Amino acid sequence: MTEPPVVAAKAWPQQSHVPIRVPRDDFDTLYTREMRAVTVHLMYRGATPYEAADAAHEAFIELLPDRWRVIEHPRAYLRRVAWTKYLRQPHHLESPADPMPDRDGGTCPIREVVLSDTQQRILKAIQQLSPAQQEVLSWQMDGFEYSEIARFTGKTEMALRTNAKRGRARLKELLGLGAGRGRSEGGVSDE
């Protein structure tokens, strides 16, 4: 069995940020590109796969019927709304009581969130960080710059940078990455 693709299609954490442009008449493309990314974003912030998928679906529902066409930053909007939906969920269920329904075409979004052993290890390490560190690192892993994260979350860039630096240092410790091993050994950098 081959390893599933990386969580986001971009390198992490420092990268050239090019926003993903989705044609304003193609909701299916937006859903296909962002459903897995939003779900994994929530998992990095502490949600189970089922809680994350449920909250991500609820966020997409907020965009219907035509709201998604006029929102200036739909990727950021989806992450903010999904996080709010997750926080409002009752967290007593580990798995759904009913089977997850399939989308037309036979693809269930929860099946798209299968993580490799390495990704599982990183996920567990990120979930040991403080909520502020999880937040900034999960936004960065989705390709957002500090200025964008500040605008979308209402936090200052200085606070975000501080939390990112502390989070990366803690991640290195948790993942057993020593000085000089850098990005090629685990995707974590001090930049």
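Just so you know, these numbers come straight off a predicted model, no measurement behind them.
- Summarising the geometry of A53 relative to M35, their closest heavy-atom pair is O-CE, 3.5 Å, with the distance given to 0.1 Å.
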**Q.** Test ring-ring contact (aromatic ring centres under 6.0 Å, His included) applied to H41 and W83, step by step
**A.** CA-CA 9 Å; H41 177 91; W83 177 246; 7.8 Å; no
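- Rounded to the nearest 0.5 Å, atoms CZ (F152) and CZ (R80) are 7.5 Å apart.
- Using a 4.5 Å cut-off on side-chain heavy atoms (C-beta onward), M141 and I126 make contact.
- A 4.5 Å side-chain heavy-atom check between L175 and R121 finds at least one atom pair inside the cut-off.
- Remark: the Y146 side chain and the Q140 side chain contain an N/O donor-acceptor pair separated by less than 3.5 Å.
- Residues L171 and L177 form no side-chain contact, since every pair of their non-hydrogen atoms from C-beta on lies 4.5 Å or further apart.
- Closest heavy-atom contact between Y31 and F60: CA-CE2, 3.6 Å.
- A distance-only check finds no donor-acceptor pair linking the side chain of Q127 to the backbone of K124 [under 3.5 Å].
- E157 is listed as a side-chain neighbour of S147, based on a closest heavy-atom distance under 4.5 Å.
- In this structure, CD1 on I122 lies 10.5 Å from CD on Q120, to the nearest 0.5 angstrom.
- The two residues A59 and A82 make their nearest non-hydrogen contact at CB-N, 3.6 Å.
- Nearest approach of F27 to W68, heavy atoms of both residues: N-CH2, 3.2 Å.
- Looking only at distances, a side-chain donor or acceptor of Q119 sits under 3.5 Å from a matching main-chain atom of S116.
- Counting only heavy atoms from C-beta outward, the side chains of R45 and W139 approach each other to under 4.5 Å.
- When side chains are defined from C-beta on, V136 does not count as touching T162, because their heavy atoms never get closer than 4.5 Å.
- Contact annotation: the side chain of Q89 approaches that of D54 to within less than 4.5 Å [non-hydrogen atoms, C-beta and beyond].
- For the pair I71 and R67, the minimum side-chain heavy-atom distance is below 4.5 Å.
- Checking side-chain atoms of E58 against main-chain N and O of K85 turns up no donor-acceptor pair under 3.5 Å.
- A distance of 8.0 Å separates OG1 of T48 from CE of M43, quoted to the nearest 0.5 Å.
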